[in-house]
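Inspection log for the structure reproduced underneath, given as structure tokens.
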There are 2 protein chains.
Amino acid sequence: MNPFHAAKSQNFTQAAKELFITQPAVSAQIKGLEEACNLVFFKKRGRRVYLTEEGKILFKHACKIFEYARELENIVNDLQQLKIGVLRLGTTKTYARYFMPFMISTFHEKHPDIKIQLNEGSSLEMTYSLLEFKNEVAVIAKAEDHPEVQFIPFSREEVIVIAPVNHPLAVKKSVSLQELAREPLIMKEAGSGTRKRVLELFAKAGQTPNILMETGNTEFIKQLVQRGDGVAFLVKEAVLTEVQEKKLAVLPIREKQLFLDVSVAYLKNQHLSPPAKAFIQILDQIKPGDLTLKGIGSLMAKMLVNRNKNLNVS
Amino acid sequence: MNPFHAAKSQNFTQAAKELFITQPAVSAQIKGLEEACNLVFFKKRGRRVYLTEEGKILFKHACKIFEYARELENIVNDLQQLKIGVLRLGTTKTYARYFMPFMISTFHEKHPDIKIQLNEGSSLEMTYSLLEFKNEVAVIAKAEDHPEVQFIPFSREEVIVIAPVNHPLAVKKSVSLQELAREPLIMKEAGSGTRKRVLELFAKAGQTPNILMETGNTEFIKQLVQRGDGVAFLVKEAVLTEVQEKKLAVLPIREKQLFLDVSVAYLKNQHLSPPAKAFIQILDQIKPGDLTLKGIGSLMAKMLVNRNKNLNVS
DNA sequence: TGTTTTATATAAGATCAATTTATGATAACC
DNA sequence: GGTTATCATAAATTGATCTTATATAAAACA
């Protein structure tokens with residue numbers, strides 16, 4: 001099995017065969033070791049060799065090294081075969097809440113041994129987290145372009161304007177940006193992809209939005225709007241339930257629909273770990289429609305079952 | 001400290017310095033490893049290198065190997081410095097009882113970490129135990145010469161004849177072998193050094209001893225003689241107490257005193273382990289007189305204190 | 001007892017792996 | 001924008017390891 005083990009079979013020639021080398025090579029190796037240690041590990045008697053006491057002691061301990069070497073090989077195999085590994089994934093709170101569960105569950109189903117570390121922040125923060133090697137992949141909007149970051153869009157999400165149910169504009173057939181600019185706006189924080197698109201929209205229309213408040217917390221925004229503190233632009237998916245339950249009204253914008261591209265982002269010209277590669281590959285296979293709440297319905301049960309195995313979402 | 005550790009310092013050049021090799025050597029090593037594993041362990045960004053997730057995992061496990069390698073070095077050092085090791089020592093029951101305690105105690109005092117395995121048997125059996133590698137050193141009488149065994153005499157013990165205190169010959173001024181040959185003799189077993197000398201003695205005198213019984217057990221012989229079952233030849237040292245206490249009588253042999261050489265025996269042309277070498281060296285330093293019961297008196301206390309540390313006498 | 005077989009040691013030459021030297025590319029620093 | 005620091009690469013060198021061939025010695029056998 002290993003040099004020592006073979007030699008221990010009280011036969012250098014046999015050891016040589018097992019190691020696919022010649023007998024003099026074994027003799028030389030052992031001689032070298034003995035000289036290096038200034039100790040004798042084998043004694044010869046007749047045509048047999050025996051381990052000395054020192055040899056036995058050294059052998060016993062040396063075995064552990066070979067054990068670990070074998071273990072290391074297993075680890076390398078496991079790394080190749082996605083049996084061990086970590087996927088460090090960045091995303092936004094909103095995506096984590098509305099799109100990620102399905103993606104992660106699908107990934108986890110296919111690679112149940114890979115640990116998943118999910119980090120949240122604004123799209124921009126997550127873009128930088130890639131550059132800082134904090135995350136390897138991010139599911140975010142392109143809040144800012146960066147020459148070293150590759151964005152692969154995989155889903156186009158509609159951004160809508162929400163208002164309190166009793167809002168005067170809610171009854172109108174269409175609302176202009178000019179009208180919206182007068183309303184107090186609960187805006188997503190700096191670095192948000194949605195915010196970027198919204199600001200672009202106002203700028204293009206020559207309007208300046210009346211930003212009442214900024215926050216990264218989508219749930220908080222919904223609460224404020226519901227209480228009548230203002231209106232807000234949010235991804236449709238995130239307010240679906242509240243709209244259906246008539247807790248929030250959707251203001252129909254006069255201008256054409258506003259969309260937000262959700263992308264997988266990762267560093268250009270940088271090696272991707274096997275888990276990261278596998279994750280991106282899975283995203284390629286998932287049809288965008290499956291990501292929405294509609295698609296999730298039938299998969300809810302599965303997700304709940306698989307959730308807490310080695311799925312270290314932190 | 002080790003290749004990986006150094007490389008982990010996010011700097012191949014630094015690693016190379018620590019390893020006393022050049023930077024391209026480090027690069028080549030890592031490239032080789034990565035290619036062999038079909039994995040990427042380092043990623044470069046700017047002028048720094050970072051461990052990938054896979055690199056971190058492999059590194060964590062590889063450290064254990066280097067830990068063990070360091071431990072192995074310590075073991076080799078300890079073997080050289082007699083910090084660990086086993087002394088496999090053969091001797092006879094009688095010597096174990098009367099001479100060995102002092103020798104072992106002296107050895108143990110000088111090399112407290114060496115374990116001692118004491119095996120007992122007749123002198124001849126112990127001679128063969130050397131040839132079978134069961135023991136490395138033996139403290140025995142030369143019961144039989146052997147071309148491969150080196151005997152180094154270090155003590156000359158007097159052999160005396162003991163008889164029951166009321167034995168008719170006990171009152172005589174001197175007893176001839178002829179007279180002794182008529183007495184029932186409790187003889188030491190085959191392979192005994194004493195037996196060999198006694199038989200030689202009778203043979204030289206043209207007499208045939210009247211052997212009543214053979215046994216290897218010296219204490220048993222003393223019991224039998226005390227009970228009046230016969231006379232026996234034994235090493236003086238072994239019957240000192242009983243003679244002083246007048247439980248046994250000593251028959252004065254007419255012929256010149258009979259002596260038995262106690263030797264250290266070990267294999268010629270065979271490497272001796274450091275513990276065995278150290279033991280023989282200590283025997284060289286001990287004056288024969290110290291070995292007897294007389295010499296032991298003052299050392300009794302010390303022996304008793306030191307006895308049960310890692311002194312595995314089996 | 002001598003001959004054959006089996007096993008290790010040794011020496012010289014060949015092979016292969018690892019290292020160095022020299023140089024190029026690239027990003028950070030001033 | 002030039003300089004510095006760092007890693008990559010290629011070719012040459014070195015050194016270690018292996019092989020081939022042979023010697024030696026003990027066990028097996030006849």
Side-chain angles (χ1 to χ4, degrees), chain A residues 2-37 39-52 55 59 62 66 69 128 130-133 146-150 267-271, chain B residues 2-37 39-52 54-55 59 62 66 69 128 130-133 146-149 267-271:
Chain A
N2 63 53
F4 244 88
H5 186 270
K8 199 219 172 187
S9 69
Q10 307 200 327
N11 189 322
F12 285 12
T13 309
Q14 183 59 29
K17 271 182 200 160
E18 288 172 30
L19 293 164
F20 303 103
I21 53 175
T22 56
Q23 167 265 312
V26 174
S27 290
Q29 287 280 359
I30 287 163
K31 197 183 164 193
L33 179 69
E34 289 184 335
E35 276 168 12
C37 296
L39 288 166
V40 176
F41 297 125
F42 287 93
K43 45 185 167 185
K44 195 182 145 192
R45 211 186 132 62
R47 38 172 86 168
R48 274 223 188 81
V49 285
Y50 300 84
L51 275 173
T52 61
F59 173 65
F66 293 109
Y128 284 126
L130 295 175
L131 294 162
E132 291 158 6
F133 291 140
H146 194 286
E148 288 185 56
V149 180
Q150 181 74 271
L267 292 184
K268 284 174 193 169
N269 315 320
Q270 275 289 348
H271 163 82
Chain B
N2 63 53
F4 245 87
H5 186 271
K8 200 219 171 187
S9 69
Q10 307 199 328
N11 189 321
F12 285 11
T13 309
Q14 183 59 28
K17 271 181 200 158
E18 288 172 28
L19 292 164
F20 303 104
I21 55 176
T22 56
Q23 167 265 313
V26 175
S27 290
Q29 286 280 359
I30 287 163
K31 197 183 164 196
L33 180 69
E34 289 184 336
E35 276 169 12
C37 295
L39 288 166
V40 176
F41 297 126
F42 288 92
K43 45 185 167 186
K44 197 183 146 190
R45 208 185 134 65
R47 37 171 88 165
R48 274 224 188 81
V49 283
Y50 300 84
L51 276 174
T52 61
E54 296 84 82
F59 173 65
F66 293 109
Y128 285 125
L130 295 175
L131 294 162
E132 292 157 8
F133 291 140
H146 195 285
E148 289 184 55
V149 180
L267 292 184
K268 285 175 194 168
N269 315 320
Q270 276 289 349
H271 163 83

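Heavy-atom basis, side chains included; hydrogens, waters and symmetry copies ignored. In this text the structure is predicted, and so the values were computed from the model without any measurement.
Panel note: side chain R45(A), backbone E132(B); no donor-acceptor pair is recorded below 3.5 Å.
Phosphate contact (OP1/OP2 of dA5(D), side-chain N/O of N11(B), threshold under 4.0 Å): absent.
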Item to complete: Start with the C-alpha distance between K31(A) and S27(A), add both sets of side-chain angles, then the distance that settles side chain to side chain contact (heavy atoms under 4.5 Å, CB included), and finish with yes or no.
Response: CA-CA 6 Å; K31(A) 197 183 164 193; S27(A) 290; over 6 Å; no
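Protein atom CZ of R48(A) is 13 Å distant from nucleotide atom C1' of dA28(D), rounded to whole Å. In this structure, K43(B) places its NZ atom 16 Å from P of dC7(D), rounding to the nearest Å. Counting to the nearest Å, the P atom of dT6(D) and the CD1 atom of I30(B) are 15 Å from each other. Following rounding to the nearest Å, L19(B) (CG) and dT20(C) (P) show an atom-to-atom distance of 10 Å. Following rounding to the nearest Å, E34(A) (CD) and dA9(C) (P) show an atom-to-atom distance of 9 Å.
Side-chain contact check for N11(B) versus V49(B): every heavy-atom pair is 4.5 Å or farther apart. Side-chain contact between Q270(A) and E148(A) is absent, with no heavy atoms from C-beta onward closer than 4.5 Å. For the pair I30(B)/E34(B), a side-chain contact is recorded, criterion being any heavy-atom separation below 4.5 Å from C-beta on.
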Enumerate all atom pairs, one protein N or O and one N or O from nucleotides 1-4 of chain C, separated by less than 3.5 Å.
none

Practice prompt. Go along nucleotides 9-22 of chain D 5' to 3' and tag each nucleotide: B for a protein heavy atom under 4.0 Å from its base, S when only backbone or sugar atoms are that close, - otherwise.
Written response: B-------SSBBB-
Worksheet item: Reading nucleotides 24-29 of chain C 5' to 3', which nucleotides get B (base under 4.0 Å from a protein heavy atom), which S (sugar-phosphate only), which -?
Response: ---BB-
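Rounding to the nearest 0.5 Å places CG of L51(B) at 7.0 Å from CZ of F59(B).
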